[in-house]
Every structure is written in C-alpha cells, then in structure tokens.
Engineer: 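My structure is below; once you've seen it, I'll send some questions.
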Amino acid sequence: MEKSFNPKDFEEKWAKFWRENRFFEADENSNKPKFSMVIPPPNVTGVLHMGHALVFTLYDIIARWKRMQGYDTLWLPGTDHAGIATQVVVERKLKEEGKSKEELGRKEFLKRVWEWVEQSSRTINYQLEKLGCSVDWSRYKFTLSEELSKAVRHAFVELYREGLIYRDYYMVNWCPRCHTALSDLEVEYREEKGKLYYIKYPFKENPQEGIVVATTRPETMLGDTAVAVHPQDERYKEAIGKTLVLPIIGREIPVIADDAVDPEFGTGAVKVTPAHDPDDFEIGKRHRLPMVLVIDDWGKMTPQAGEGFAGLDRYEAREKVVEKLKEQGLLVKVEDYTHNVGHCYRCGTVIEPYPSWQWFVRTKPLASPAIKAVEEGKTRFVPENWTKLYFHWMHNIRDWCISRQIWWGHRIPAWHCRDCGHITVSEEEPRVCEKCGSSNIYQDEDVLDTWFSSALWPFSTLGWPEDTPDLRRYYPTDLLITGFDIIFFWVARMMMMGLHFMKDVPFHEVFINGLIRDEHGKKMSKMAGNVVDPLEMIEKYGADALRFTLAVQTVPGMDVSFSEGRLAGYKAFANKIWNASRFVVMNYQGESTEINPARLTPFDKWILHRVSQVARQTNSSLREYRFYEAAERLYHFIWHEFCDWYIEISKLQMREDKENTMAVLINALEAILRMLHPFMPFITEEIWQRLPHQGRSITLTPYPKGDEWEFPEVMEDVTLFMEVVSEIRKIRSENRINPREKIRVSVSLGNHFLSLHLKEISALVGASEVLIGSSFGKGFKGVVKGGEIFVLPGKEMDLEAERQRVEKELKKLEREIEKLAKRLSMPGFREKAPAHVVKKTEEALKEAEDKKQKLEEYYRSL
RNA sequence: GGGCGGUUAGCUCAGUGGUAGAGCACUGGCCUUACAAGCCGGGGGCCAGAGGUUCAAGUCCUCUACCGCCCA
C-alpha cells in the first residue's frame with residue numbers, strides 16, 4: 001500500500017465500479033424485505049450546495065446500512081423541474097445575452113430551458129456520484145418527464161372531478177417581476193421600515209370636515225371605493241353611511257361599518273381598496289363594493305389611476321400621490337412605521353396582492369386524513385417536536401393556489417371554449433368543448449405550481465397511475481429525510497396526495513435535518529459570502545471525510561455548523577484508517593484468516609469483544625437516527641482503541657503467534673471497515689479489496705450485528721492493564737524521562753493477569769524490567785486502584801519535578817475526596833439513594849483516600 | 001403577538017438524574033520500522049442567571065436575560 005493516503009486515487013474508480021455493477025439497483029422480484037426511500041429531488045437550477053450534501057449523506061448512510069442489513073433497498077434518484085426557480089435562472093442567462101423570453105416566444109424559450117435542464121441535471125448527478133450516493137440510477141426520474149407529466153395530469157383531472165380543484169377569481173400573491181401568482185408559502189415576509197401616511201378624506205356635504213385614514217400604501221388610494229370603520233367605534237358612529245370624496249380622483253365613496261376593521265390601528269378608519277388588498281377584497285365582497293384596478297400585473301399604474309398616474313411604476317406613483325395630497329393640504333401627518341412586507345421567494349420583488357382567475361386545491365378535505373395519519377402514528381417525525389408544527393399548519397391550512405403564469409412547468413390540462421365559456425378538463429387533449437361541441441377551444445395558458453408534481457413524487461416515480469410492480473412493492477416508502485423548511489411545501493402535501501390517491505401514507509418516518517451553517521453558526525448565503533462548495537471540499541479532503549464530518553455533526557433537531565477545521569480532522573481520521581490498514585496488509589503473508597479460539601490472548605478477546613459491542617451500539621444509534629453518536633463512537637473506537645492499543649499490542653504478539661494475531665487483526669479490521677462503510681464508502685471499499693476477502697464488494701457484505709464475539713471476562717483485566725500502563729507513562733512524562741531511556745518498574749499488585757503480560761507492559765512503557773506483586777520501595781511513585789507503582793529511571797531522579805507532580809496529584813485527590821465525602825454525608829443519601837450508587841461512592845472515596853495516603857507518605861519522603 | 005430551539009473548555013459541539021466529555025486550538029516531550037495528517041503526556045469548566053423538586057440537577061419544573069428560527 002502507498003504510504004500516503006490520497007482519496008483521489010480511488011474515489012472515482014469505486015463510484016464507477018458500483019455503478020457499472022449495478023449494486024444499488026433494487027430488485028422488485030427479490031425475496032428480501034424491502035426498504036425504500038425517494039430522494040428529495042434537487043432543483044435543476046444549478047449545483048448542489050452543502051445542504052444537499054448533508055441530506056444526501058444521511059440518506060446514503062441509511063441506504064448502505066439497510067442494504068448491508070439484507071434489505072432489498074431502493075433509493076430512487078431524480079430531479080425537480082422547479083418551475084419559477086428554473087425559469088428565473090434561464091431568464092437571467094438570457095438577459096446576459098441581451099435577450100428576453102418574450103422575444104424568443106414560449107416555444108423557443110422552453111427549448112432553452114430544456115437545454116439548461118440537460119446540463120444542470122448532468123452536473124447534479126455527477127455531484128451525487130462524487131459524494132458516493134448509492135442511488136438506483138435505473139429508476140432515475142424527472143418531474144417534467146413524459147411519464148411523470150402523465151401522473152400530474154391524471155391527478156389534476158381526478159381532483160377536479162372530485163371537486164377538489166376549482167377555478168376562481170380571487171386575490172392572490174402576485175410577483176410583478178415573475179409575472180405570476182404565488183402560493184401563500186412562496187411569499188417571504190421581511191420586516192421593513194416604511195411610513196404610515198395619514199390622509200384626510202373630506203365629506204361630500206361638508207368638505208371642511210373629513211375622516212382621516214392611515215395607510216402604508218398611499219398609491220392604492222386611487223383605487224379606493226369606501227372607507228370602513230368598526231361598527232362599535234363611537235368616534236365614527238355618526239359618519240357611517242355618509243359620503244366622502246376621494247382626494248385627487250374625486251370619486252364619491254361611502255363610509256361603511258365592518259367587523260374586520262381594527263379600531264386600534266391608525267385612526268380606526270381604514271381606506272378600502274378591494275382590488276389591491278386581501279382584507280379589503282373580502283370587505284368589498286361583503287359590501288358589494290366596486291373594484292377599481294389601479295395597478296396592473298407588471299406593477300404599473302393603470303389608466304383607471306387617472307391622468308398623470310397611468311403608466312407610472314407603483315413606487316413612483318406613491319411619491320406623486322403623497323406630493324399631490326400635500327399640495328391639497330390633505331396629508332395630515334407621516335409616521336415612521338415598521339411592518340412586514342411580502343417578497344417573492346425566488347426573485348425578491350415586493351409582492352402585489354392582485355385579483356385574478358386562478359386554480360386552487362381545496363385543502364381541508366385532504367388535510368384531515370393527513371392529520372389523522374400522523375395522530376395514529378402511521379407517519380412519525382424525528383425528532384418528534386416537528387409533529388406540532390405539522391399539526392399547526394395542517395389545522396390552519398388555506399386553499400392552495402396551484403396555477404402559475406409562467407411557461408416552464410406542467411401545462412394545466414384545461415381547455416376553454418370560446419363559444420360557450422365552458423372549461424373542459426381532460427388528461428388527453430380534447431378536440432371539442434365537452435359541453436357545446438365547439439371546436440373553438442384553447443388550452444389554459446397557465447402551468448402548475450412546481451410543488452404540485454412534487455406532492456406526487458413518492459408514487460408518481462414508482463409508475464403511478466399504472467399499477468406497477470414497483471408501486472406495489474416500494475410504496476409506502478420507509479423514510480424521508482428533509483429540512484424543516486419544506487415541511488409545508490413538500491412533506492405535508494405529499495401526505496395529502498399520498499393518502500388521497502394511494503390510500504396510504506407516503507412514508508413511515510420523516511427525519512428532519514438541521515440547517516447548514518458556517519463555522520460561526522451563521523446561515524450560509526451568497527450575500528454573506530460564507531458559502532462552502534461541497535465539491536471543493538471533496539476535492540481538498542475527499543468525499544469520505546466530508547461525509548463523516550456531516551454525519552458526526554448531525555444531532556437530531558440541531559443545526560449543523562460546518563467547519564473546515566473539523567473536516568481536516570476527519571481527513572486525518574481517514575488517513576489513520578489507511579495507515580492502520582497498511583500495517584495489517586504489510587504484515588500479512590497469506591496466513592489463514594480463520595481465528596483459532598484456543599489461541600486467543602486476552603487482548604485479542606478484548607478487541608473482538610469491543611468490536612461486537614461497538615457494532616451493537618452503532619446499529620442502535622442508526623436505528624434512532626443518531627448519526628453523530630454512531631460516527632463519534634466509531635471514530636473513538638477505531639483510533640483510540642483499535643489503533644492506539646490493539647495494534648501496538650499486536651506488534652508484540654506477532655512475535656509469539658503471528659498467525660492467530662494476523663487472523664484477529666484481519667477479522668477485527670474487516671468488521672470495522674464494514675461498520676464504517678455507510679459513513680466512508682470509498683476508503684472502506686479500497687482497503688477491503690486489498691484485504692483477503694470474499695465477494696465482489698464490501699457494499700454487498702452483511703453489516704456487523706455484534707453477535708459474533710463475546711468475551712466479557714477479559715474486560716476488567718485489560719482495563720486494569722491499561723490503567724497501569726497509563727500511570728507509568730504519566731510518571732515518565734511528567735518527570736521528563738527521555739522516551740529512549742529505559743526505566744525499571746515495580747507494581748505492588750499481586751495480579752495474575754499483569755504478571756502474565758510483563759512483556760507487553762515493558763514494551764508499552766519502555767521498561768527494561770517490570771516487577772509485579774513486589775515493590776522496589778523507591779523511585780517515582782504512582783498509585784492505581786489497590787496498588788503502588790514505582791518507576792526507577794536509568795539516570796538520577798529529578799526530585800523537584802517529582803515533588804511538583806505529586807503535589808498536583810494530591811490536590812486532585814483532595815478535591816475528589818471532598819466531593820465524595822460531602823455526598824456521603826448528605827442527609828438522606830444513604831437511606832434513599834439506590835444501594836449500588838452508595839456502594840460505588842463509598843468505594844470511590846475509599847480508593848481516593850487510600851491513594852492519597854500512599855502519596856502523602858511518599859511526598860514526605862522526597 | 002403566538003410557537004420552537006439554543007446558552008456546557010478559546011472555537012464548534014455531545015451529554016440518557018448518580019465523579020463534566022469529544023474534535024480542533026493551546027502546551028511539554030518524542031522522527032518508537034502503519035501513520036509527524038503521527039505517538040506519549042498535560043493544562044483548561046460557578047454547565048447564562050435566579051428560584052424550586054430531589055438523598056442527588058448540566059440533566060426535571062418555574063421565572064429572567066440574551067441569541068437564533070418559524071408563523072401571524
């Protein structure tokens with residue numbers, strides 16, 4: 001094996017090997033139990049970021065683990081066409097070329113998007129492979145493919161026929177830049193400093209007097225058709241029913257009473273603009289107020305806004321309205337006002353409430369079964385506190401606006417009749433209007449919200465609406481891993497659609513991972529310039545190290561602070577594994593790998609026992625999605641037990657019984673590699689292939705269950721052995737005894753085990769002589785449980801250093817004794833604490849006092 | 001306004017009522033034939049604050065402060 005570890009030498013090789021051998025393809029005819037997951041399809045907007053790397057790493061750990069546990073495992077990959085997001089990206093690219101999508105036209109524009117998709121999905125799939133994701137490429141899906149589009153049309157038509165999809169003229173969130181409606185979820189609210197304008201609307205009868213209204217959007221006053229007050233508001237009792245004259249425009253508008261008015265806000269009187277405010281829209285409906293549209297779908301003022309305003313941008317109009325009001329003396333005052341302003345989640349433009357014809361999903365009937373399923377435990381959130389959020393949202397769900405006025409997406413399968421106005425909804429393109437038979441029909445221009453197709457993902461990808469073997473076998477899926485930010489967008493909607501169409505939940509468990517942050521806990525963002533590119537990290541440290549870093553930081557319910565320093569640390573870990581394996585491989589000369597139980601030393605038994613223990617613990621950590629716990633334990637065990645102790649001891653054992661020691665080394669290492677494989681697939685495969693092995697790939701081997709080796713009887717002896725060695729090393733080090741200088745050691749413990757392993761002790765501490773069960777009675781002294789240790793240096797003793805060391809040691813013991821004694825003397829402790837705790841405390845105190853006494857005697861003698 | 005997290009070593013974070021942990025950073029000594037990306041040692045904590053429950057609290061309860069996120 002090469003001395004230096006270089007992930008680049010083998011990562012690509014194994015990714016290719018796995019793929020070409022189709023190890024990760026699920027088998028719908030398998031007799032094994034199935035385990036299935038669908039990937040959260042990345043948007044084809046560009047490249048994968050660290051958040052993806054995290055989610056996909058966790059997926060892959062589970063996928064590989066389950067596969068090795070003997071499940072027919074499906075991890076289905078795919079990408080999402082990401083309607084608006086992708087359209088925005090391609091538009092931006094066109095702009096760089098000095099073109100617009102309108103110039104190109106719908107058909108040509110879509111061609112350009114498809115080209116982009118081609119390129120982007122290639123990049124994404126390349127990145128997945130780089131990361132080591134064990135997905136089933138033969139089942140790769142794209143939300144806008146022919147196949148999935150069919151599922152989307154089918155779902156739409158069914159829901160429409162059941163009355164769960166309807167079309168309505170309604171106030172929606174409108175992005176004037178993207179020129180489309182958005183769902184409530186696609187609006188991001190940001191706190192902004194604005195102004196609150198107080199405007200006086202004079203009475204028609206008595207223009208000297210008037211009602212003052214407060215608004216943050218004075219430009220909308222041009223579209224006002226009433227002023228509303230709360231019916232119980234004493235201040236305005238007299239005014240209700242009177243007529244006001246709308247400044248600037250001169251329109252006569254009534255004063256009306258409505259419960260929706262908050263008497264606490266502003267002056268208690270509000271202007272009503274039914275066409276440009278969702279609340280006013282409702283008030284307008286209740287009072288049959290006219291709608292005057294003064295802002296158009298591009299955010300510009302309409303002719304109805306009046307001369308001098310028509311054609312102006314909405315913000316220019318705001319200034320001009322304020323100016324005019326000032327001139328007319330009707331602007332009473334202006335206050336600073338902080339409020340939440342809605343922005344388009346894709347392009348950031350301020351959202352305009354805009355009434356228009358849109359398609360909606362009636363969500364209430366779909367939400368109830370989705371709530372029930374979680375209540376009944378058919379789907380479980382991990383960590384479970386997300387359940388609450390899910391319930392809260394589901395109980396307060398509003399109808400879902402699913403139409404988008406963009407070009408990139410699933411065209412709505414509805415045809416309008418120019419003759420009778422009827423809408424024909426159909427999976428296949430109709431030739432005539434189903435009502436009047438006219439052939440003068442045209443398809444609805446709108447496309448569906450991208451999340452509509454995402455909602456079908458767990459079953460549309462398996463062949464639905466066809467009754468396929470995949471669908472029968474792999475639905476419901478077992479696990480979904482995703483960020484909390486898309487619980488509403490995606491998880492909730494998959495639940496609704498899955499239960500509706502498949503009559504069963506789409507997944508049994510949902511693991512909600514945290515957000516990726518930078519090493520100081522700040523959210524990664526392009527603006528902050530703290531974005532870390534996973535590919536770059538793979539390039540620098542290897543995919544295994546990146547994966548391990550992400551896994552070890554994944555604590556359920558917590559965000560992940562990504563630190564390059566830590567990543568470097570886990571690359572060092574990979575290197576450690578490399579070199580430990582190198583040691584094994586270098587020493588291996590074709591001996592039998594069969595362990596002879598009769599020839600096992602206590603150290604062999606110890607490491608094998610530990611391998612089993614760690615395997616059991618790792619399985620149980622993974623079962624509960626405690627990735628950090630599994631990863632951390634493997635790290636510690638491999639480095640600080642297998643490498644630091646067992647390999648060192650094995651060097652000595654090999655002089656006595658090379659064959660059996662080699663067998664233990666190989667068996668232990670091989671089990672370690674298998675345990676580690678889900679976390680670090682590349683390096684484990686590379687090493688496994690270099691060890692004597694059976695089979696074609698480590699990925700096809702069984703995951704250690706931890707039932708193979710069981711030797712609890714040696715644990716206590718080996719632990720004492722380690723304690724003694726550590727104590728001697730400490731004495732050495734603190735007394736500045738040069739490592740090359742041989743020492744002589746006596747241990748006053750009549751311990752059979754220790755006396756059988758003098759050689760090991762000598763080697764590990766650098767001693768020329770070790771006495772067990774007797775005492776030199778001189779030299780540097782240390783104490784372990786029940787005994788004393790003397791260390792005689794080859795040269796003269798440096799008493800000053802020794803005094804300092806013992807003083808330090810004594811202080812530590814005193815602190816411990818104080819603590820333990822205090823606890824024992826606490827009233828009630830002896831009576832109420834469990835016996836084993838009392839006993840343990842007493843023993844600890846006795847041991848500490850014993851040690852202290854021995855050291856004190858020694859200190860006086862120095 | 002409502003809700004959810006968090007506050008533990010210099011930094012990033014684990015911690016399951018019973019003697020406070022890890023990685024990195026710091027520090028002393030070692031190129032010991034797997035590994036200097038290493039080895040052997042060491043130092044470093046009123047567990048945000050205040051009450052309470054308990055024989056026993058970083059851990060459970062209440063309140064406060066600060067930081068962060070979500071919803072309205």
Side-chain angles (χ1 to χ4, degrees), chain A residues 1 3-6 184-185 188-189 340 383 385-386 388-389 392-393 396 484-485 487-488 514-515 517-523 541 545 548-549 552-555 557-587 626 628-629 631-633 635-636 639-640 643-644 647-648 650-651 665 725-741 763-766 801 805 808 815-820 822-834 836-838 840-841 843-845 847-848:
Chain A
M1 271 170 92
K3 183 173 177 181
S4 67
F5 152 74
N6 186 3
D184 294 335
L185 282 178
E188 273 176 10
Y189 290 91
N340 280 322
N385 51 318
W386 294 108
K388 218 167 149 181
L389 183 77
H392 181 261
W393 192 69
N396 295 288
F484 66 87
D485 48 331
I487 288 183
F488 306 143
L515 211 66
R517 299 175 174 280
D518 73 4
E519 57 187 321
H520 304 294
K522 293 257 181 327
K523 205 167 161 174
Y541 302 96
F548 203 87
T549 306
V552 86
Q553 297 255 72
T554 295
V555 179
M558 298 290 292
D559 287 344
V560 173
S561 292
F562 180 84
S563 137
E564 194 169 337
R566 239 177 134 162
L567 176 55
Y570 292 116
K571 186 184 180 185
F573 176 50
N575 185 57
K576 186 76 185 176
I577 297 163
W578 181 263
N579 278 293
S581 308
R582 191 166 150 255
F583 169 79
V584 175
V585 170
M586 276 169 62
N587 282 290
R626 292 208 289 254
Y628 71 102
E629 195 180 70
E632 210 165 61
R633 189 181 301 104
Y635 177 94
H636 188 270
W639 198 315
H640 299 299
C643 293
D644 288 353
I647 287 190
E648 291 311 314
S650 78
K651 289 174 185 171
L665 272 172
V725 168
S726 293
E727 184 63 24
I728 298 167
R729 281 170 167 174
K730 191 163 128 190
I731 295 168
R732 258 198 101 111
S733 182
E734 300 225 323
N735 281 298
R736 306 268 182 283
I737 301 174
N738 189 298
R740 265 163 308 191
E741 190 181 324
L764 293 178
V765 304
R805 181 185 71 86
K808 208 171 69 187
R815 272 200 303 264
E816 204 182 318
I817 287 167
E818 198 186 340
K819 220 196 253 171
L820 293 167
K822 196 177 152 197
R823 173 165 313 159
L824 280 165
S825 65
M826 284 278 217
F829 176 72
R830 283 171 193 284
E831 294 80 52
K832 295 193 179 169
H836 73 274
V837 173
V838 176
K840 212 172 126 189
T841 313
E843 279 171 3
L845 178 64
E847 191 186 324

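Computed from a prediction, not measured in an experiment: that's the story for all the values here. Note that these values count all heavy atoms, side chains included, but never hydrogens, waters or copies made by symmetry. Each chain gets a letter, A, B and so on, in the order its sequence line appears, and its residues count up from 1.
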Engineer: With both distances under 3.5 angstrom, what nucleotide forms a Watson-Crick or G-U wobble pair with rC4(B)?
Structural biologist: rG68(B)
Engineer: Kindly state whether the ring of Tyr635(A) and the ring of Tyr570(A) have centres lying under 6.0 angstrom apart.
Structural biologist: yes
Engineer: Could you tabulate the donor-acceptor pairs under 3.5 Å formed by side-chain atoms of residues 825-832 of chain A, not counting sequence neighbours?
Structural biologist:
{"unit_1": "Ser825(A)", "atom_1": "OG", "unit_2": "Ala821(A)", "atom_2": "O", "d": "3.2"}
{"unit_1": "Ser825(A)", "atom_1": "OG", "unit_2": "Lys822(A)", "atom_2": "O", "d": "3.0"}
{"unit_1": "Arg830(A)", "atom_1": "NH1", "unit_2": "Glu842(A)", "atom_2": "OE2", "d": "2.5"}
{"unit_1": "Glu831(A)", "atom_1": "OE1", "unit_2": "Gly828(A)", "atom_2": "N", "d": "3.4"}

Engineer: Counting C-beta onward and ignoring hydrogens, is there a side-chain heavy-atom pair between Arg729(A) and Leu764(A) closer than 4.5 Å?
Structural biologist: yes
Engineer: With a cut-off of less than 4.0 Å, is there a side-chain N or O of Arg582(A) near OP1 or OP2 of rU33(B)?
Structural biologist: no
Engineer: Select base, sugar-phosphate, or nothing to describe what Phe5(A) touches, counting heavy atoms under 4.0 Å on all strands.
Structural biologist: base
Engineer: Of the nucleotides rC40(B), rA14(B), rA34(B), which has the atom closest to the Ser733(A) side chain?
Structural biologist: rC40(B)
Engineer: Please determine whether a side-chain nitrogen or oxygen atom of Trp639(A) lies at a distance below 4.0 Å from atom OP1 or OP2 of rC39(B).
Structural biologist: yes
Engineer: Around Glu188(A), counting heavy atoms of other residues, nucleotides and ligands shown, do more than 12 lie under 6.0 Å from its CD?
Structural biologist: yes
Engineer: Would you say the base of rA34(B) and the side-chain of Glu648(A) have a donor-acceptor pair closer than 3.5 Å?
Structural biologist: yes
Engineer: Students often mix this up, so state it plainly: with edges at 30° and 60°, are the rings of Trp578(A) and Phe5(A) parallel, tilted or perpendicular?
Structural biologist: tilted
Engineer: Does rC63(B) pair with anything, Watson-Crick or G-U wobble, both distances under 3.5 Å, and if so, with which nucleotide?
Structural biologist: rG49(B)
Engineer: Distance check: side-chain N/O of Lys388(A) vs OP1/OP2 of rC4(B), anything under 4.0 Å?
Structural biologist: yes
Engineer: Collect all protein-nucleotide pairs involving nucleotides 55-59 of chain B in which both atoms are nitrogen or oxygen and the distance is under 3.5 Å.
Structural biologist:
{"unit_1": "rC55(B)", "atom_1": "OP1", "unit_2": "Lys832(A)", "atom_2": "NZ", "d": "2.5"}
{"unit_1": "rC55(B)", "atom_1": "O4'", "unit_2": "Gly828(A)", "atom_2": "O", "d": "3.4"}
{"unit_1": "rC55(B)", "atom_1": "O2'", "unit_2": "Pro827(A)", "atom_2": "O", "d": "3.4"}

Engineer: Choosing from rG5(B), rU12(B), rG43(B), which nucleotide comes nearest the side chain of Asn385(A)?
Structural biologist: rG5(B)
Engineer: Determine which nucleotide pairs with rA22(B), using a 3.5 Å limit on both distances of a Watson-Crick or G-U wobble pair.
Structural biologist: rU12(B)
Engineer: For rA20(B) and Lys819(A) - does any side-chain N or O of the residue sit under 4.0 Å from the phosphate oxygens OP1/OP2?
Structural biologist: yes
Engineer: Identify each atom pair where a protein N or O and an N or O of nucleotides 44-48 of chain B are less than 3.5 Å apart, giving names and distance.
Structural biologist:
none

Engineer: Taking only the side-chain heavy atoms of Asn575(A) (C-beta and beyond), determine which of rC70(B), rA37(B), rA34(B) contains the nearest atom.
Structural biologist: rA37(B)
